[in-house]
Number of protein chains: 2
Amino acid sequence: MFFLSKNLNVYILGVLKMEYKPNIQDVAKLANVSIATVSRVINNQGGVRKETEERILKAINELGYIRNAAARTMKRKETNTIGVIVPDIKNPFFPLVMAGIEQKAREKQYFTILSSTNESPIVEKEIVKNFIERGVDGVIITTANENGDHLKLLQEQGIPIVAVDRSIKSFEVDTVLVDNVKGAYQAVQHLILQGHEKIAIICGPQTTTPGRDRFLGYKKALENYNIPLDERYVIQGDFGEQSGYLATQKLFALDDKPTAIFSSNNLMTIGCVKALEELNWKLGSEVSFIGFDDVDIATFLNPKLSVVSRPMYALGEIAFQLLHERICFKENLPKRKYLLSPELKIRQSCRLVKTLF
Amino acid sequence: MFFLSKNLNVYILGVLKMEYKPNIQDVAKLANVSIATVSRVINNQGGVRKETEERILKAINELGYIRNAAARTMKRKETNTIGVIVPDIKNPFFPLVMAGIEQKAREKQYFTILSSTNESPIVEKEIVKNFIERGVDGVIITTANENGDHLKLLQEQGIPIVAVDRSIKSFEVDTVLVDNVKGAYQAVQHLILQGHEKIAIICGPQTTTPGRDRFLGYKKALENYNIPLDERYVIQGDFGEQSGYLATQKLFALDDKPTAIFSSNNLMTIGCVKALEELNWKLGSEVSFIGFDDVDIATFLNPKLSVVSRPMYALGEIAFQLLHERICFKENLPKRKYLLSPELKIRQSCRLVKTLF
DNA sequence: AAATTTTATGTAAACGTTTAGATTTTTGTT
DNA sequence: AACAAAAATCTAAACGTTTACATAAAATTT
């Protein structure tokens, strides 16, 4: 006769080489202590005699015990996990932000769940709900819908939020943005100072902060230098490569072509440059160019692209910093808005306009 | 006198606007049923009268109840989450693979945790342990250490693994790779057929499958066409941009310069091209080039870069597919090895070698 | 209308931790 | 050696689900 008692599980399975997940009980039994003491050792809470600790550690090793996060979370009500929501993981901007977040998170022993919404507010809502179910301690988000009503759920649950790159309208959150207005202003100003007056902009969606603000910076620069805004030179894009491509074609088709183009983001810049090449619209000489976001291709083109460059890594680092403080201090902290300055990188794609002199 | 009984929590907090997380109990009480029935509704298990269900749904809405994944996991022993481990999120290869994984995962209602190891096996081990603690249902990994001993933990716990892009030595796992040997072979063959004989390779780390296999393909092609391998033309790199840059400088310093270069990955290609430009070593005319991985800059250079292109998205999709099957059927499935064919994209960076005729 | 089957709901025991508070052991003091 | 104080350890009760199994209610058959 052969009884398989629970206590024997470990040994029997050990022999049979099947998988069995040992728990804190098994460890306690093997080390001849109570589970409370094991728990203390696992969590480094001290107050355990050295030799007892060693015995426990040995048992843990012997059994290959790994603690169960779900059970722990249940008691502790914290997961040491943060959720990150981005609209498009394929946009090279986000992996860099992510790298900054992860780096800082790891330092503080936090883990990171990443999900991408494909710019869909519906997907975003699902993700948010799932993050709540899982009990993330906080969320860093570049939202697909700045209105932000769908994020109120998080707020109701008391889960801290940090908005990155796009702000959130319907309630106050810690935010870390790039000064889009300033960046765009500087870029367009640069073109103006080179003598350009027919300056086109390929806009991002006007439903997003970056899209709007970059357009704003463009308008401000024109205004400041008394150049009237010409509607024909304002083309709407959607931050995707294709839209940059099409926008450029439209501009080229104009009778009175612009002498300079400002593109509002990285992917549209790529589309734009592709179009320029195909149209044989000579970059630098026939048309000057400056883009928001430093892109890989920028320094490989001839002439090299002048760009407004954003501090992606820093953006991520700061975002985590803010989130972590918020997790620790909850509401006893005013809401903070960071505005990082972008950097104008002047290369060779903006030439002096040929004048009549 | 004022007693704050647990049952009152919801109502009182409702008035005071503090956060309180309602649980299944609260829902049950409000809907006047037992928690078992609520559970049944939450999980769509059927066997609940319609009007009861409606009452429960209403209660759920009213309270803003969201179920607790930790508690659920504890009973169910599954998380519907998979972990993805990549060596370097900043390498544009991985976000694309990730996009493929995520897409398929979402379809099957799985969520994805992403972590990046920075090519550190130590970090990787930590991540693995953390994933186990959290009870991921499976892991997709491009490991920083192909030896794979540190992954045995996963195996011991019965957690399915799929290796992507780099295989794992110490035990059998489902694997989805790109045919690196073939890709490299085709690339080098292309150079040879253009008349090149002095063909250099910028190698990846020989500790990784892709590094080794691409070197192998290179050697095989030379051998097949009876071109002796010249050690001076074999430069070791580490898959990073800087190493591509340095390698190119070394090649240029040679008395007997190669007439063609094969670069083993995307980032080294970028470094290489940068160096070529600085050294004024004319791409196409003075030195032909072909690289593993299609890079953004490829089509913007003049001449455009010929490359071996990998199906990143498909890689991710298949990886999830394999993992999902494994999660469902565990060991009742043979281990599978996928080998996707890369595609040779011939553009303009490989010119016919000038002959004496 | 009673008996039987089917359907709906409820009860209670896990799951694997953490953590007050109780208890035991050790150490130090007299 | 007896006692008090300090340190180490233990007991037991959560945490919020899921799920066998028990029970009650409704539908069906006789």
Just by distance, do the side chain of [X] and the backbone of [Y] share a donor-acceptor pair under 3.5 Å?
{"X": "A:N23", "Y": "A:D26", "result": "yes"}
{"X": "B:K337", "Y": "B:V173", "result": "yes"}
{"X": "A:N68", "Y": "A:A71", "result": "yes"}
{"X": "A:D137", "Y": "A:T79", "result": "yes"}

Proximity to the side chain of [X] - top-ranked nucleotide from [options]:
{"X": "A:A71", "options": "C:dG16, D:dC10, D:dT18", "answer": "C:dG16"}
{"X": "A:I35", "options": "C:dT18, D:dT18, D:dC10", "answer": "C:dT18"}
{"X": "B:K75", "options": "D:dA20, C:dA20, D:dT18", "answer": "D:dT18"}
{"X": "A:V48", "options": "C:dG10, D:dT9, C:dT17", "answer": "D:dT9"}
{"X": "B:N23", "options": "D:dA8, D:dT17, C:dT17", "answer": "D:dT17"}
{"X": "A:Q45", "options": "D:dA8, C:dT19, D:dT18", "answer": "C:dT19"}
{"X": "A:R72", "options": "C:dT19, C:dT18, D:dT18", "answer": "C:dT18"}
{"X": "A:T52", "options": "D:dT9, C:dT11, D:dT11", "answer": "D:dT9"}
{"X": "B:S34", "options": "D:dC15, C:dT9, D:dC10", "answer": "C:dT9"}
{"X": "B:R40", "options": "C:dT9, D:dG16, C:dG16", "answer": "C:dT9"}

Exercise for the section: Map A:N43 and A:R49 onto DNA chain C by nearest heavy atom, then report which one ends up closer to the 5' terminus. Expected result: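 This one resolves to A:N43.
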
Round to a whole Å and report the spacing from [atom1] of [X] to [atom2] of [N].
{"X": "B:K21", "N": "D:dT17", "atom1": "NZ", "atom2": "C1'", "answer": "14 Å"}
{"X": "A:I42", "N": "C:dT19", "atom1": "CD1", "atom2": "P", "answer": "12 Å"}
{"X": "B:K77", "N": "C:dG16", "atom1": "NZ", "atom2": "C1'", "answer": "7 Å"}
{"X": "A:E78", "N": "C:dT18", "atom1": "CD", "atom2": "P", "answer": "11 Å"}
{"X": "A:R76", "N": "C:dA20", "atom1": "CZ", "atom2": "C1'", "answer": "14 Å"}
{"X": "B:Q25", "N": "D:dT18", "atom1": "CD", "atom2": "C1'", "answer": "13 Å"}
{"X": "A:I24", "N": "D:dT9", "atom1": "CD1", "atom2": "P", "answer": "15 Å"}
{"X": "A:N80", "N": "C:dT17", "atom1": "CG", "atom2": "P", "answer": "17 Å"}

Problem - Side-chain N,O (B:K50) to OP1/OP2 (C:dA8) below 4.0 Å - result: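 No, outside the criterion.
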
Problem - Residue-phosphate contact under 4.0 Å: A:S39 side-chain N/O, C:dT17 OP1/OP2 - result: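 For C:dT17, neither OP1 nor OP2 has a side-chain N or O of A:S39 closer than 4.0 Å.
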
Problem - Candidate pair B:E325 and B:R336, rule salt bridge (Lys or Arg N to Asp or Glu O under 4.0 Å), full reasoning - result: CA-CA 11 Å; B:E325 285 165 20; B:R336 293 146 303 165; 2.3 Å; yes

Exercise for the section: Report yes if the side chains of B:E146 and B:I168 come closer than 4.5 Å at any heavy-atom pair, otherwise no. Expected result: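 Answer no - side chains too far apart.
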
Practice task
With DNA chain D as reference, determine whether B:T37 or B:N68 sits nearer its 5' end, using the nearest nucleotide of each.
Solution key: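 It is B:N68, whose closest nucleotide lies nearer the 5' terminus.
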
